[in-house]
K.L.:
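Pasting a structure here, questions to come.
Throughout, a chain's letter reflects where its sequence line sits, starting with A, and its residues are numbered from 1.
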Protein chains: 2
Amino acid sequence: MKHIDLNAAALRLLAAPAVLILAHSHPDGDTLGSAWALAHALRALGKPVRVLCEDRIPAMFAFMAGGLAQAALENAYIVSVDAAEESLLGDVFAREYHGRVDLNIDHHATNGLYAKDNFIDPSASASAEIIGELIDAMGVPMTSHIASCIYAGISTDTGCFRYANTTARSHLWAARCMELGVETEPLDRAFFENETKTYLALERMAFDNLRYFCDGRVALVAVTQDMFRRSGSNDEEYIKIVARVKNIEGVLAGAAIREKEDGSYKISMRTHPPVDAAAICARMGGGGHLRAAGAASDLPLEETIAMVVRNIEEALT
Amino acid sequence: MKHIDLNAAALRLLAAPAVLILAHSHPDGDTLGSAWALAHALRALGKPVRVLCEDRIPAMFAFMAGGLAQAALENAYIVSVDAAEESLLGDVFAREYHGRVDLNIDHHATNGLYAKDNFIDPSASASAEIIGELIDAMGVPMTSHIASCIYAGISTDTGCFRYANTTARSHLWAARCMELGVETEPLDRAFFENETKTYLALERMAFDNLRYFCDGRVALVAVTQDMFRRSGSNDEEYIKIVARVKNIEGVLAGAAIREKEDGSYKISMRTHPPVDAAAICARMGGGGHLRAAGAASDLPLEETIAMVVRNIEEALT
């Protein structure tokens, strides 16, 4: 359970005869990009490798495997990438690999240091940045395909260089990937532009009842179980709605209210400076971060809406 | 009307006692970022400068002026930035400065070379990239504020590094700007996340009548003059609708039909490979690019829709 640095991590990997790489469950571009970039680099060194993820791989990340032969491994050196906690490997994997991860490579400052050796760099915008540096440290020549995996990790984790975790280092990696021949436009189109028909249907139903309060400084939508049923959408897609509500011109506080299966309501709030979302939600028994917070309500919908609006209103004045 | 290179352009600017910089009309982040970055750099050299634009400056770009004193100029050296044609300076400016531009700095390959000296670099993702290199060539120290103008130009012209014009050079500039202290997240939030209430209202009306054809491979919306009136939106905002229609999962051809003031219709089409938007629109008497084209129709709305769908259908089979 100890911290090690970049060179120590590179040496551990160089010493391993065969490597099993674990991505976290509900895989995103960074855990998969990190896993596959590392796998291709280790394979280039002649090592048998295998990448495993408990959940289905989204189609837009399928290119990363790049025809690499997945080896049948026994007693392999086990590496996790981008997984801040053992539990994030997924229900099955967290049991199967409990206490067995040899090297934990991650960029989350909250990492639980659950492996024998842990190489954590919270200054990296994405784990893929760390993996790129590790590949350099191992002396493996960077290829265009490895670079495309690294680019995917960085681009998805920074919202295409838009989030606050973006750094000069993220852009320098992107520049290097492009110099190696990565065509980023088709990748980013697949990562960011696709919208499901089910989400679009849900958003349309929600936005048909979009309401403004406080001279347009507050916007609110409500999504019912009936809307989920009719649209075929789900909780995961629903999250995008509250971001869109927050981004409306002039809106300082955006709220989305979602009916849960038991008929109670979950309130999600996003705010712009100086509005404190956590403070508003705390007044309704909830909590969260300064600009993103939530609360629950057992009141009927209209009373829930009235409560939310009243609490935002008091915070705005 | 001759081409000059980077160093020649830098020498012309260094030799000028006072400089008037013209941005193009309907100003975007690149023309304004280029104009203000250059203005601050020339001011740092002690030269009186003035930045002019025929149209109103969008609020999100107001920071660029950074308190720079606009000089009253007579007989100044006149520079245009990011304006591919004299006419793009706007109706009034194109007349006022006709034949009077001394130096035309631009990245559009189609540039009309209307100035005495023209420095055109079509390999640049944005004119702001060229301006950054010009500032280096003039030996002016890059400041954080100048870098923020350059970043704004590059980020807005590349859709935050998402469009196909993005290059390693764009990312290298972004890295340098961040190293100089530019906080990119609030800038990109202002550039890309804001949605007007009027656009949202128009989109809602349009999407309430979103229709799918050909097993969901075709999506189509129609926007009427009545919708423009009720939403308070306009043509400029409307353009975003067709992009969103194209980005729906599984859609190969997205079309938006807009009723014009005279009651006729304008068809806008966006496609994904292998669908040829130009070929489809050509069959309706229109034209355009491979993946973005348009046509006009004097038929009633439902007949126009039927014509569009029939022509797409035939192209898909």
Side-chain angles (χ1 to χ4, degrees), chain A residues 59 151 154-155 158-201 203-210 212 216 219 243-251 272-273, chain B residues 59 151 154-155 158-201 203-210 212 216 219 243-251 272-273:
Chain A
Y151 180 84
I154 297 172
S155 176
T158 60
C160 211
F161 310 95
R162 205 172 284 188
Y163 301 157
N165 63 335
T166 309
T167 63
R169 186 175 161 194
S170 327
H171 281 292
L172 288 175
W173 267 107
R176 184 168 165 203
C177 292
M178 295 196 83
E179 279 161 0
L180 283 161
V182 177
E183 286 188 48
T184 58
E185 192 269 341
L187 292 178
D188 289 322
R189 188 153 24 91
F191 300 156
F192 298 107
E193 295 205 341
N194 219 354
E195 293 201 295
T196 64
K197 286 171 177 154
T198 51
Y199 169 73
L200 220 59
E203 190 193 90
R204 204 166 71 207
M205 292 174 200
F207 275 41
D208 272 343
N209 295 301
L210 174 69
Y212 295 112
R244 200 152 186 235
V245 168
K246 182 207 67 172
N247 289 339
I248 301 170
E249 184 185 34
V251 166
H272 291 288
Chain B
Y151 180 84
I154 296 173
S155 176
T158 59
C160 210
F161 310 95
R162 205 172 284 188
Y163 301 157
N165 64 335
T166 308
T167 64
R169 185 176 161 194
S170 329
H171 281 292
L172 288 174
W173 267 107
R176 184 168 166 204
C177 293
M178 294 195 84
E179 279 161 0
L180 283 160
V182 177
E183 286 188 48
T184 58
E185 192 268 342
L187 292 177
D188 289 321
R189 186 150 29 90
F191 299 156
F192 298 106
E193 296 205 340
N194 219 357
E195 294 200 292
T196 64
K197 286 170 177 155
T198 50
Y199 169 73
L200 220 60
E203 188 193 89
R204 205 166 71 208
M205 292 173 199
F207 276 41
D208 273 343
N209 296 301
L210 174 69
Y212 295 112
R244 202 156 183 231
V245 169
K246 182 208 66 172
N247 289 340
I248 300 170
E249 185 184 32
V251 166
H272 292 288

K.L.:
Distance from Thr166(B) atom OG1 to Glu183(A) atom CD, nearest 0.5 Å?
P.N.:
12.0 Å
K.L.:
Going from OG on Ser170(A) to CE on Met178(B), what distance comes out if it is rounded to the nearest 0.5 angstrom?
P.N.:
7.0 Å
K.L.:
Identify which of Ser155(A), Gly250(A), Cys160(A), Ala164(A) forms the greatest number of heavy-atom pairs closer than 4.5 Å to chain B.
P.N.:
Cys160(A)
K.L.:
Is there a side-chain contact between Asp208(A) and Asp208(B) in this structure, where contact means two heavy atoms from C-beta onward sitting under 4.5 Å apart?
P.N.:
yes
K.L.:
Distance check, rounded to the nearest 0.5 Å: Thr158(A) atom OG1 versus Phe161(B) atom CZ?
P.N.:
10.0 Å
K.L.:
Supply the atom-to-atom distance Ile248(A) CD1 to Thr196(B) OG1, rounded to the nearest 0.5 angstrom.
P.N.:
9.5 Å
K.L.:
Mind checking ring-ring contact (aromatic ring centres under 6.0 Å, His included) for Tyr199(A) and listing every partner two or more places apart, or none if nothing turns up?
P.N.:
none
K.L.:
Could you tell me which of Phe191(A), Trp173(A), Tyr163(A), Phe207(A) has the largest number of non-hydrogen atom pairs under 4.5 Å with chain B?
P.N.:
Phe207(A)
K.L.:
Report the C-alpha distance between Arg189(A) and Arg162(B) in whole Å, list the side-chain angles of each, state the deciding distance to 0.1 Å, and finish with yes or no for side-chain contact (heavy atoms from CB on, under 4.5 Å).
P.N.:
CA-CA 7 Å; Arg189(A) 188 153 24 91; Arg162(B) 205 172 284 188; over 6 Å; no
K.L.:
What is the distance from atom OH of Tyr212(A) to atom NZ of Lys197(B), rounded to the nearest 0.5 Å?
P.N.:
5.5 Å
K.L.:
With rounding to the nearest 0.5 Å, note down the distance linking CG in Leu200(A) to CZ in Arg244(B).
P.N.:
5.0 Å
K.L.:
With sequence neighbours left out, what residues match Glu193(B) under salt bridge (Lys or Arg N to Asp or Glu O under 4.0 Å)?
P.N.:
Lys246(A)
K.L.:
Could you please spell out the steps behind the side-chain contact (heavy atoms from CB on, under 4.5 Å) verdict for Arg176(A) and Leu172(B)?
P.N.:
CA-CA 9 Å; Arg176(A) 184 168 165 203; Leu172(B) 288 174; over 6 Å; no
K.L.:
On the 0 to 90° scale, with breaks at 30° and 60°, tag the Tyr151(B)-His171(A) ring pair as parallel, tilted or perpendicular.
P.N.:
perpendicular
K.L.:
After noting the C-alpha distance and the side-chain angles of Glu203(A) and Arg204(B), does the key distance pass the side-chain contact (heavy atoms from CB on, under 4.5 Å) rule?
P.N.:
CA-CA 9 Å; Glu203(A) 190 193 90; Arg204(B) 205 166 71 208; over 6 Å; no
